[in-house]
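The first residue of the sequence shown is numbered 1, and numbering continues consecutively from there. Everything quoted here is computed from the prediction, not taken from an experiment.
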Amino acid sequence: MSYKFVLVNRASGMPEQHWVLPTPITVGRCPSADITLDDASISRKHCQFLIDPFGSLMVRDLGSTNGVYVDGRRVDKATVSLGAEVRIGLLMFHIELTDDEMDEIAQQKSSDVYDLVDTEKVQIVQPEEERYEIG
């Protein structure tokens with residue numbers, strides 16, 4: 001089983017496009033995103049779908065301007081249940097399980113488990129008055 005990410009037309013409620021990809025999946029306007037959408041309401045790197053250590057599908061906002069909403073509630077990160085409506089900017093997605101074959105790009109990706117802690121390198125600098133000379 002794989003996850004199918006279905007872009008839904010908000011006016012008609014009809015599916016417009018879908019993707020079957022392994023997680024983690026980044027959604028945004030940037031060409032390097034796994035799901036690239038040319039819509040001004042979404043950020044270059046808007047959000048990420050991933051599997052938490054307990055096996056649940058999660059979505060987390062990557063600092064977007066217009067936010068991520070799960071079933072109408074704005075979230076920074078949240079568990080996404082099957083059939084949930086996930087709004088990214090002004091775009092609406094439904095998440096489903098499927099036996100469909102993964103998209104071509106998916107064949108090159110592996111499915112990994114990621115935690116929800118950002119792991120960026122940071123430099124820690126002590127204030128001048130607290131520095132000590134050793135030697």
Query - R29 side chain reached by L37 side chain, heavy atoms, under 4.5 Å - result: no
Query raised in the report: Side chains of V80 and M58: closer than 4.5 Å at any heavy-atom pair?
Result: no
With rounding to the nearest 0.5 angstrom, report the [atom1] to [atom2] distance, [X] to [Y].
X	Y	atom1	atom2	value
D52	L50	CG	CG	7.5 Å
R87	M92	CZ	CE	6.0 Å
L82	H94	CG	NE2	12.0 Å
I51	S56	CD1	OG	8.0 Å
S81	D71	OG	CG	6.0 Å
D61	R74	CG	CZ	6.5 Å

Requested in this report: List the steps, then state whether side-chain contact (heavy atoms from CB on, under 4.5 Å) holds for T79 with L57.
Outcome: CA-CA 6 Å; T79 301; L57 181 67; over 6 Å; no
Report task. Using the rule that two of Ile, Leu, Val, Met, Phe, Trp, Tyr join whenever any of their side-chain heavy atoms come within less than 4.5 Å, decide whether W19 and V8 are in one cluster. Result -> no
Query raised in the report: When hydrophobic residues are tied together by side-chain contacts of less than 4.5 Å, even through go-betweens, does Y69 share a cluster with L62?
Result: no
Query raised in the report: Do F49 and F5 make the cut of ring centroids closer than 6.0 angstrom?
Result: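 Close enough - the centres of the two rings lie under 6.0 Å apart.
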Requested in this report: Going by the side chain to side chain contact (heavy atoms under 4.5 Å, CB included) test, name the single residue among T36, D34, I35 that passes it with T26.
Outcome: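 With T26 as partner, side chain to side chain contact (heavy atoms under 4.5 Å, CB included) holds for just one option, D34.
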Show the nearest heavy-atom pair for residues [X] and [Y], with the distance to one decimal.
X	Y	answer
V27	A33	C-CB, 4.2 Å
T65	S43	N-OG, 3.2 Å
I88	H46	CG2-CD2, 3.1 Å

Query raised in the report: If you measure only the distance, is there a donor-acceptor pair under 3.5 Å linking the side chains of S41 and D39?
Result: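 Yes, because at least one side-chain N or O of S41 sits under 3.5 Å from a partner of the opposite role on D39.
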Query - Pair N66-L90, side-chain contact (heavy atoms from CB on, under 4.5 Å): steps then yes or no - result: CA-CA 8 Å; N66 292 322; L90 295 176; over 6 Å; no
Report task. Apply the test side-chain contact (heavy atoms from CB on, under 4.5 Å) to residues I95 and Y3: give CA-CA distance (whole Å), side-chain angles for both, the deciding distance (0.1 Å), then the verdict. Result -> CA-CA 7 Å; I95 313 302; Y3 287 104; 3.9 Å; yes
**Report entry** N9 CG: over 12 foreign heavy atoms closer than 6.0 Å
**Finding:**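 Result for CG/N9: enclosed.
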Query - Side-chain (S12) to main-chain (M14) donor-acceptor, under 3.5 angstrom - result: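 A pair under 3.5 Å: yes.
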Report task. Could you go through the side-chain contact (heavy atoms from CB on, under 4.5 Å) check for V6 and E96 one step at a time? Result -> CA-CA 8 Å; V6 181; E96 305 171 358; 3.9 Å; yes
